[in-house]
Asker: 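Please find one structure pasted underneath; my questions will follow.
Below, chains carry the letters A, B, ... as their sequence lines are ordered, and counting in each starts from 1. What you are looking at is a predicted structure, and each value in this text was computed from that prediction instead of being measured.
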Number of protein chains: 2
Amino acid sequence: MNDEPLNLGLLLFIPYRAMETRVFAALAEAGFDDFTPAQARVFQRISPGGNRLTDLAEQAQITKQSAGFLVDQLERAGYVERVPDPTDARARLVRVAARGAAAVPVAAAVVAAVEQEWAAHLGGRDAQRLRQLLTRLREITDPYR
Amino acid sequence: MNDEPLNLGLLLFIPYRAMETRVFAALAEAGFDDFTPAQARVFQRISPGGNRLTDLAEQAQITKQSAGFLVDQLERAGYVERVPDPTDARARLVRVAARGAAAVPVAAAVVAAVEQEWAAHLGGRDAQRLRQLLTRLREITDPYR
DNA sequence: GAGAATAGTCAGAGACTCTGACCGTATGCA
DNA sequence: TGCATACGGTCAGAGTCTCTGACTATTCTC
C-alpha cells in the first residue's frame, strides 16, 4: 500500500522518527524516564570538554533562551552540570554529568541495534552507502559545521 | 571541522531540517506566512479524496486530539475544509481547500529545487540511490503503511 | 436490540519555542 | 586608559504543540 514516491523530506523524517522512538523507549525502560527528545537534541551535541550555551544553541538551531531552558532541566535531572569557563568570566561550560554519562551507553546500544536492523534489511553494503550519502549531504545541509 | 561519524538518527535529521527550513521560508515569502511545520505534517498526508481525522492522526503519529487542534487551525486559515463523510455519520472528511491547493505548487517547487541542489552535490546517480535507500528503509520504519 | 467499538470533541495541563529587554564581562580602538 | 560595541547569559511573557482523561454520538457485532 501507498508506494507513491514521497518527497525526500518526509522520507528522511520517517526513519528519524523511528530511531528516536526506539531510543526513548529504551531509555525510559532503563530508568531514564525523564529525558525528552528536545533535551536530547541539545545533550547529543555536548563535546567532551564541555560547551557554551550559545554554542549548543547554534548547533541545535534554537535560541539561546530555549537552550537555557533545556539545559536547566537537564541540570536539575542530573544529566549535565555547568562549570565556569576559565577563559571567559561571562561564560559557563555545559558538561555531561554522572547520570548523563550513565545514559549514553544505553542510548548508544539502541542506536547500534537499530542500525543493525536497518543493515539487515538494506544489506550491509547499502547500509554503508546510506551512511556515506547522508554524511556527504551533511556537508551542504548542516549550517553549523 | 567535526567529521566524526554521527549516529544515523542525527544524520537523517540534519537534511530533514534543512529541507523544512527552505520550504517554510518559501511559503512565507509567497504569502503563506501562517502555516507551521506541525500543521504541514498533517496537511501533507491528506489524499485527494479527503481523510478522516483519526486517519491523519495515525499517519502523522500524533493523537486525534492533536490532529484536531491542527486541522482546526488549518481550517480557520482556509487551507483545508471539513465535509461530512457520506459513509459514516460520525465521521468527517478533511480535504484540501482553495488556499491549501494554492500553497501546494509553491512547496513542491522548493522541494524540487532542494532535491536538485542535493543531486548536484551528490551526483545524480547517488541522489537516485539515496531516494531508493530511504524508500526501502521506509518499509520497516513507517508504522502506518 | 444490547453491548462493544469507533469518530470526534471538550477540558486541562505540561513541554517547547520564540521575541524583547536586560545585566555583566570582554574586546577593539582612539 | 577609557569608551563604545559585541558577546554570554538570564528574566519575563506569550504562543504553539502535544498529551491524558472524560465524554457524546454513531456504527458494528452478535
Asker: Rounding to a whole Å, what distance do you find between B/Arg52:CZ and D/dT27:P?
Answerer: 10 Å
Asker: Taking the six-membered ring for Trp, are A/Phe35 and A/Phe43 ring centroids under 6.0 Å apart?
Answerer: yes
Asker: Please step through side-chain contact (heavy atoms from CB on, under 4.5 Å) for the pair B/Glu58 and B/Thr54, ending with a clear verdict.
Answerer: CA-CA 6 Å; B/Glu58 197 183 334; B/Thr54 39; over 6 Å; no
Asker: Taking DNA chain D as the partner, which of residues 70-92 of chain B come within under 4.0 angstrom of it by heavy atom?
Answerer: B/Leu70, B/Gln73, B/Asp88, B/Ala89, B/Arg90
Asker: Roughly, in whole Å, what's the span from CD1 in A/Ile62 to P in D/dG8?
Answerer: 16 Å
Asker: Quick one: which residue pairs count as a side-chain hydrogen bond (donor to acceptor under 3.5 Å, both in side chains) with a foot in residues 94-106 of chain B, not counting sequence neighbours?
Answerer: B/Asp34-B/Arg99, B/Tyr79-B/Arg99, B/Glu81-B/Arg95
Asker: Round to a whole Å and report the spacing from CZ of A/Phe69 to P of D/dT10.
Answerer: 14 Å
Asker: For B/Arg125, which residues count as a side chain to side chain contact (heavy atoms under 4.5 Å, CB included) partner, sequence neighbours excluded?
Answerer: B/Arg129
Asker: Mind checking whether A/Arg22 and A/Glu117 have side chains closer than 4.5 Å, heavy atoms only?
Answerer: yes
Asker: Tell me, which of residues 10-30 of chain B have any heavy atom that sits under 4.0 Å from an atom in DNA chain D?
Answerer: none
Asker: Starting at CD1 of B/Ile46, measure out to CG of B/Leu93 and round the result to the nearest 0.5 Å.
Answerer: 10.5 Å
Asker: Establish, with yes or no, whether the OP1 or OP2 oxygen of C/dG8 is under 4.0 angstrom from a side-chain nitrogen or oxygen of B/Thr54.
Answerer: yes
Asker: Would you work out how much the helix from C/dG1-D/dC30 to C/dA30-D/dT1 bends between its ends, with each end axis defined by five base pairs, to 10 degrees?
Answerer: 30°
Asker: Would you kindly give the CG-to-P distance between B/Leu93 and C/dG8, to the nearest whole Å?
Answerer: 8 Å
Asker: For nucleotides 19-23 of chain C, print each protein N/O atom paired with a nucleotide N/O atom at under 3.5 Å, atom names and distance only.
Answerer:
| residue | atom | partner | partner atom | Å |
| --- | --- | --- | --- | --- |
| C/dG20 | O6 | A/Gln65 | NE2 | 2.5 |

Asker: Test the B/Arg17-A/Tyr16 pair against the cation-pi criterion, namely NZ or CZ under 6.0 angstrom from the six-membered ring centroid and within 45° of the ring axis.
Answerer: no
Asker: Starting at atom CG of A/Asp34, determine the distance to atom C1' of C/dA15, rounded to an integer number of angstrom.
Answerer: 13 Å
Asker: If we only count heavy atoms from C-beta on, is the A/Leu8 to B/Met19 side-chain gap below 4.5 Å?
Answerer: yes
Asker: Round to a whole Å and report the spacing from CD of B/Glu58 to P of D/dT18.
Answerer: 16 Å
Asker: Which pair of heavy atoms, one from B/Pro15 and one from A/Leu137, lies closest together, and at what distance?
Answerer: CB-CD2, 3.8 Å
Asker: Which atom pair, heavy atoms only, marks the closest approach of A/Ala107 to A/Val23?
Answerer: CB-CG1, 4.1 Å
Asker: Any non-hydrogen side-chain atom of A/Asp142 less than 4.5 Å from a side-chain atom of A/Gln59?
Answerer: no
Asker: For A/Leu53 and A/Lys64, work out which heavy atoms get closest and say how close.
Answerer: CD2-O, 3.9 Å
Asker: Below 4.5 Å, heavy atoms only, C-beta onward: do B/Val94 and B/Arg52 meet side chain to side chain?
Answerer: no
